[in-house]
Participant: 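Right, I'll just put the structure down here and ask away after.
Order of appearance sets the numbers: ligands from 1, and atoms from 1 within every ligand. The analysis underlying the following values was restricted to heavy atoms, covering all of them including side chains, and did not include hydrogens, waters or symmetry mates.
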Amino acid sequence: MKNNIIGFKLGVVIMSVFVIVLLFLGIVIDRMFSSFYYKEMQTETNELASHFTVMAESKDTTSEQMMRTFAEFSNVSIFNISRDRSVSFHSGLHNSDDRSFIHAADLERIFSGNSVSFLYKDPGGNRYFVTGQPIKAGQTISSALYVMSSTASMEQSIDSVRVILLLSGMGALVLALGITWIIARVLSRPLVQMQKATRKIAAGELETRLTISSNDEIGFLAAAINDLAIDLQRYRDTRQEFLANISHELRTPITYLQGYAKVVKGELYETDEEKNLYLDIIDQEAHRIQHLVDDLFELAKMEEGKIPLHLEDVDLKPIVEHAARKLELTAKEKGLSITVSYSGQAVEVRGDRKRMEQIVMNLLENAVRYTDEGEINVQLNSTPDAVLFIVEDTGIGIPEDELPYIFDRFYRVEKSRSRQYGGTGLGLSIVKKLIELLGGSIRITSTYGVGTRCEVRFPKHS
Ligand code: ADP
């Protein structure tokens with residue numbers, strides 16, 4: 001019961017409704033039967049009285065004997081009563097001395113030509129239907145004929161109907177109790193299961209799953225709980241992976257920092273150039289940590305949806321030109337050329353200027369970083385409903401099986417690349433999130449060893 005309170009409540013409600021309905025039905029059926037039997041008997045007694053009256057009024061000498069036989073046969077008592085209340089004729093089992101059923105008012109009515117009909121209870125507690133009718137002798141009323149019919153057999157019939165009603169009511173109640181118990185269990189069992197499952201999930205057992213698959217609100221709730229558990233599990237796993245990645249990413253530059261700082265501090269170098277080289281490495285690694293922390297902070301803000309966007313109409317052309325110019329020197333040092341081309345009319349979209357600069361810069365930086373020879377081709381194409389920003393390079397490319405993961409946090413193609421080319425493995429995940437925040441989309445295609453193509457689509461809003 002402790003775990004099945006809702007089942008108990010439900011059971012009480014269903015049973016109460018059932019008992020009320022049964023009681024109501026029982027009373028109605030009992031009333032219907034009683035009034036039916038009463039009416040039947042009243043009609044029967046009235047008809048008998050009419051027959052007896054006809055017999056009493058006939059001049060036939062055998063009529064009295066006939067009346068006696070008929071009364072005996074019909075199991076009724078008859079009284080022929082004169083105006084002075086004396087009994088001139090009596091037949092039947094009812095005591096002839098009992099006159100308490102005769103009332104002056106009734107006699108008055110009968111002697112004025114009417115008939116009376118009523119229910120009478122004798123001093124012994126027996127009940128009768130009584131009908132009184134006038135007996136005519138020519139034009140005058142000579143006496144009153146009372147017919148008394150006992151209600152005992154009718155009451156017996158009503159009693160047996162009541163017993164049947166009571167028994168079937170009790171049967172229905174037992175059946176209802178069984179059905180209620182089953183319904184309560186069927187309804188409450190999944191709720192109890194869900195309660196236990198959510199408690200387990202809250203206690204950290206995130207592998208817990210519910211197997212309820214009904215196609216109703218309970219099934220939907222169970223599916224929602226399962227989804228919640230899956231999300232929590234994924235969140236826990238990615239958080240653990242995330243923390244492991246961060247500590248790993250930080251450990252490498254910190255090891256460099258510690259190592260080279262020790263060398264410089266202990267003056268374990270031979271020339272000043274060597275010392276400067278070590279100091280340069282320390283500077284680079286400090287920047288690397290700074291970059292990583294910035295990226296992480298940015299990503300965390302984005303994931304919490306806390307990045308404020310300053311929307312305006314942004315012309316992408318100067319942004320792309322500025323980024324290309326900025327990277328020209330690095331590209332030249334590597335022997336690369338950057339070409340920028342435009343097609344279409346206006347290249348203005350609604351967006352956040354700073355974020356767009358960040359996206360363009362990041363993709364161009366990647367192209368320069370992962371290309372050793374050849375060229376970087378940047379295009380800005382305006383279509384009726386969007387502006388496409390495309391960066392194509394002739395770099396090292398990305399193997400096809402790794403393409404699906406390049407937007408994951410800390411994912412780097414071939415781990416050895418990271419040291420060689422620098423980078424945190426967070427750039428593309430930040431870029432993708434920013435593009436999505438601005439309502440756009442990104443698609444990267446690549447051929448390993450040949451080159452990579454990044455295509456960003458910024459929708460033009462009306
Ligand atoms: P990183 O900061 O390490 O560049 P990104 O998230 O920007 O991280 O990129 C993820 C990985 O995708 C990189 O490690 C790199 O190997 C690969 N990548 C990204 N852009 C290019 C490109 N233009 N050519 C080849 N590989 C690329």
Participant: Would you call the rings of Y411 and Y405 parallel, tilted or perpendicular, where under 30° means parallel and over 60° means perpendicular?
Facilitator: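 Taking Y405 first and then Y411, their aromatic rings sit tilted (interplane angle of 30° to 60°).
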Participant: Examine distances only and state if a side-chain atom of D393 and a backbone atom of I376 form a donor-acceptor pair shorter than 3.5 Å.
Facilitator: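 Flag not set: sc D393 to bb I376 has no pair under 3.5 Å.
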Participant: Which of the atoms in ligand 1, numbered in the order shown and given with their element, are less than 4.0 Å from a heavy-atom of Y411?
Facilitator: 10 (C), 11 (C)
Participant: Taking the cut-offs as 6.0 angstrom to the six-membered ring centre and 45 degrees off its axis, would you call K317 and Y342 a cation-pi pair?
Facilitator: yes
Participant: Just to be sure I'm reading this right: ignoring hydrogens, which of G397, A367, G425, G427 gets closest to atom 1 (P) of ligand 1? Compare them by their nearest heavy atoms.
Facilitator: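 Ranked by closest heavy atom to atom 1 (P) of ligand 1, first place is G425.
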Participant: Of the choices N366, T452, I406, which has the non-hydrogen atom that lies closest to atom 12 (O) of ligand 1?
Facilitator: I406
Participant: Would you mind finding which of T371, L428, I430 brings a heavy atom closest to atom 9 (O) of ligand 1?
Facilitator: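 That would be L428.
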Participant: Checking contacts here: is it the side chain or the backbone of V391 that comes within 4.0 Å of ligand 1, counting heavy atoms only? Could be both or neither.
Facilitator: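 V391 to ligand 1: no contact under 4.0 Å from either part.
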Participant: Look up atom CG in L25 and atom CZ in F18, then write down how far apart they are to the nearest 0.5 Å.
Facilitator: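 These two atoms lie 9.5 Å from each other.
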Participant: Answer yes or no: is there a donor N or O on one side and an acceptor on the other, between the side chain of S150 and the main chain of A152, under 3.5 Å?
Facilitator: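 Confirmed, S150 side chain pairs with A152 backbone.
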Participant: How are the rings of Y120 and F118 set to each other: parallel, tilted or perpendicular (split at 30° and 60°)?
Facilitator: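 The rings of Y120 and F118 stand perpendicular, inter-plane angle above 60°.
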Participant: If you count the atoms of ligand 1 from 1 in the order shown, which ones are under 4.0 Å from a heavy atom of V413?
Facilitator: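 Those qualifying, in numeric order: 12 (O), 14 (O), 16 (O), 17 (C).
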Participant: Please confirm whether R369 comes under 4.0 Å of ligand 1, counting heavy atoms of the residue only.
Facilitator: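 For ligand 1, residue contact (heavy atoms, under 4.0 Å) with R369 is present.
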